[in-house]
Student: 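Got a structure for you, questions after.
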There are 2 protein chains.
Amino acid sequence: MKIGELSARTGVSIRSLRYYDKQGLLTPTRLENGYREYSPFAEQQVRTIQLYLNLGLSTEQIAGFLHCVMKNKEAFCKEVVPVYREKLAEIEEQIALLSAVKSNLEERIRSIMEEDPPNQPLGGE
Amino acid sequence: MKIGELSARTGVSIRSLRYYDKQGLLTPTRLENGYREYSPFAEQQVRTIQLYLNLGLSTEQIAGFLHCVMKNKEAFCKEVVPVYREKLAEIEEQIALLSAVKSNLEERIRSIMEEDPPNQPLGGE
DNA sequence: ATAAACCCTGACATTAGTGTCAGGGTCAAG
DNA sequence: CTTGACCCTGACACTAATGTCAGGGTTTAT
């Protein structure tokens with residue numbers, strides 16, 4: 001199938017499919033006229049790519065094991081777990097940072113609220 | 001004081017100080033030769049800017065109330081709390097998303113670990 | 001007067017996936 | 001042969017604060 005049909009089937013934009021091609025994630029064969037020709041398996045492959053992107057993995061990370069997971073079960077691809085753990089650590093770090101900022105903001109709001117109750121006739125700047 | 005000294009005193013790069021100037025956060029007077037001349041109060045102002053940036057606020061948001069908070073207590077500036085609440089909502093959304101992805105990753109790792117115990121002689125790709 | 005140490009502006013790069021446009025080729029139906 | 005629906009590549013935009021470089025002025029001390 002050609003790129004427009006794959007896009008329609010998967011809901012992934014043509015632009016993104018071309019990007020996946022350039023990143024080596026999904027490299028279709030080419031017709032004589034230069035058009036990309038995708039195998040029927042490409043549809044599942046696109047869905048798999050989207051799944052990993054939604055986990056926050058980069059195209060480069062995905063490229064590192066996509067070939068394997070399309071052929072085997074995820075568990076057979078030794079590259080997968082390290083990438084998952086790496087991403088997990090990154091996410092935990094982000095959550096910790098965000099939580100700290102969140103607490104800070106909450107404390108600031110709380111502190112302002114008790115210092116400037118709404119029945120005070122004072123305006124701002 | 002000139003920009004180099006302010007940078008040295010605060011640890012904020014000259015580049016960033018010029019950026020704050022352009023964003024209207026910290027607008028020094030100019031000497032006859034065009035050099036920026038900062039008042040002694042600028043040092044505290046820079047620290048305040050950094051504090052808000054570390055809370056994840058944008059220079060635009062900070063510009064919205066910096067003038068007021070430099071003159072009064074934060075609680076007197078009515079623009080502050082809405083910005084805090086907005087940022088808080090944003091952060092909570094991000095944490096929720098990250099937490100969902102985190103659970104997904106953990107589940108995937110767990111699932112792989114029990115399917116492919118390390119005593120199995122199978123390699124990946 | 002010259003060198004060192006300042007200062008200035010403007011511009012490009014950074015992240016990473018996607019949108020979008022320009023300019024152009026291909027192909028099928030009428 | 002023309003129209004419309006495809007397809008191609010390349011390039012710029014986006015976010016937002018910061019790094020960095022180019023090219024050039026100023027000041028201070030020797």
Side-chain angles (χ1 to χ4, degrees), chain A residues 1-38 42 45-64 66 83 86-87 90-91 93-94 97-98 101, chain B residues 1-38 42 45-64 66 83 86-87 90-91 93-94 97-98 101:
Chain A
M1 86 191 84
K2 295 205 287 298
I3 198 168
E5 187 181 345
L6 183 58
S7 171
R9 281 180 187 274
T10 60
V12 171
S13 73
I14 290 178
R15 175 69 175 85
S16 294
L17 294 176
R18 294 206 185 107
Y19 180 68
Y20 301 160
D21 187 357
K22 180 161 291 186
Q23 298 306 111
L25 281 181
L26 184 53
T27 49
T29 59
R30 296 292 185 132
L31 298 177
E32 288 185 353
N33 56 17
Y35 288 12
R36 290 173 179 81
E37 174 66 20
Y38 291 92
Q45 195 159 352
V46 169
R47 296 192 200 287
T48 303
I49 291 170
Q50 288 286 297
L51 182 149
Y52 288 127
L53 285 177
N54 286 335
L55 287 177
L57 304 187
S58 68
T59 55
E60 192 184 353
Q61 288 174 315
I62 297 171
L66 184 64
V83 171
E86 211 172 302
K87 190 69 199 177
E90 192 183 313
I91 287 178
E93 195 177 335
Q94 285 180 36
L97 177 61
L98 288 174
V101 173
Chain B
M1 86 190 85
K2 294 202 290 299
I3 198 169
E5 187 181 345
L6 183 58
S7 171
R9 282 180 187 275
T10 59
V12 171
S13 74
I14 290 178
R15 175 68 174 86
S16 293
L17 294 175
R18 294 205 185 107
Y19 181 66
Y20 299 161
D21 188 356
K22 180 161 291 188
Q23 298 306 112
L25 281 182
L26 184 53
T27 50
T29 61
R30 295 292 185 135
L31 298 175
E32 287 185 354
N33 56 18
Y35 289 11
R36 289 173 179 82
E37 174 65 21
Y38 291 93
Q45 195 158 352
V46 170
R47 296 191 200 287
T48 304
I49 292 169
Q50 289 288 298
L51 182 149
Y52 289 127
L53 284 177
N54 287 334
L55 287 178
L57 304 187
S58 67
T59 55
E60 191 183 354
Q61 288 175 314
I62 297 170
L66 183 64
V83 172
E86 210 172 305
K87 190 70 198 176
E90 191 183 315
I91 286 178
E93 194 178 336
Q94 285 179 34
L97 178 60
L98 288 174
V101 173

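So you know, we letter chains A, B, ... as the sequences are listed, proteins then strands, and number each from 1.
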Student: Measure from CG on N54(B) to P on dA16(D) and round the result to the nearest Å.
Tutor: 17 Å
Student: Roughly, in whole Å, what's the span from CG in L25(B) to C1' in dA16(D)?
Tutor: 13 Å
Student: What are the two closest heavy atoms between R47(B) and T10(B), and how far apart are they?
Tutor: NH1-CA, 4.1 Å
Student: I'd like to check Y52(A) versus V83(A) (side-chain heavy atoms, cut-off strictly below 4.5 Å). Are they in contact?
Tutor: no
Student: Measure the distance from CD on Q50(A) to C1' on dA16(C) and round it to the nearest whole Å.
Tutor: 14 Å
Student: Does the side chain of R36(B) get closer than 4.0 angstrom to OP1 or OP2 of dT9(C) through an N or O atom?
Tutor: yes
Student: At under 4.0 Å between heavy atoms, what does I3(B) touch on the DNA or RNA strands: base, sugar-phosphate, or nothing?
Tutor: sugar-phosphate
Student: Supply the atom-to-atom distance T59(B) OG1 to L53(B) CG, rounded to the nearest 0.5 angstrom.
Tutor: 7.5 Å
Student: Using every non-hydrogen atom in the two residues, find where Q45(B) and L25(B) come nearest and quote the distance to one decimal.
Tutor: NE2-O, 3.4 Å
Student: At under 4.0 Å, does any side-chain N or O of R30(A) touch on OP1 or OP2 of dT9(D)?
Tutor: yes
Student: Nearest-Å distance, NZ (K2(A)) to P (dC8(D))?
Tutor: 9 Å
Student: Roughly how many Å is it from CG in L6(B) to P in dC8(C), rounded to a whole number?
Tutor: 11 Å
Student: Rounded off to whole Å, could you give me the CG-to-P distance for the L31(B) and dG25(D) pair?
Tutor: 19 Å
Student: Answer whether the closest heavy-atom distance between the side chains of Y19(A) and L26(A) falls below 4.5 Å.
Tutor: no
Student: Given atom CD of E60(B) and atom C1' of dT15(D), what is their separation to the nearest angstrom?
Tutor: 13 Å
Student: Can you tabulate the close N/O pairs, meaning under 3.5 Å, that link protein atoms to atoms of nucleotides 26-30 of chain D?
Tutor:
{"from": "dT26(D)", "atom 1": "O4'", "to": "Y35(B)", "atom 2": "OH", "distance (Å)": "3.2"}
{"from": "dT27(D)", "atom 1": "OP1", "to": "N33(B)", "atom 2": "ND2", "distance (Å)": "3.2"}

Student: Could you state the CG-P distance from L26(B) to dA17(D), rounded to the nearest angstrom?
Tutor: 15 Å
Student: Do Q50(A) and V12(A) have side chains that approach each other closer than 4.5 Å (heavy atoms only, starting at C-beta)?
Tutor: yes
Student: Just to be sure I understand the geometry, which residues of residues 9-24 of chain B put a non-hydrogen atom under 4.0 Å away from DNA chain D?
Tutor: S13(B), R15(B), S16(B), Y19(B), Y20(B)
Student: Taking all atoms of both residues into account, what is the closest heavy-atom pair of E37(A) and P28(A), and its distance?
Tutor: O-CB, 3.3 Å
Student: Tell me, do Y38(A) and L17(A) make a side-chain contact under 4.5 Å, heavy atoms counted?
Tutor: yes
Student: Taking the basic N atoms (NZ, or NE/NH1/NH2) and the acidic carboxylate oxygens, is any pair closer than 4.0 Å for E5(B) and K2(B)?
Tutor: no
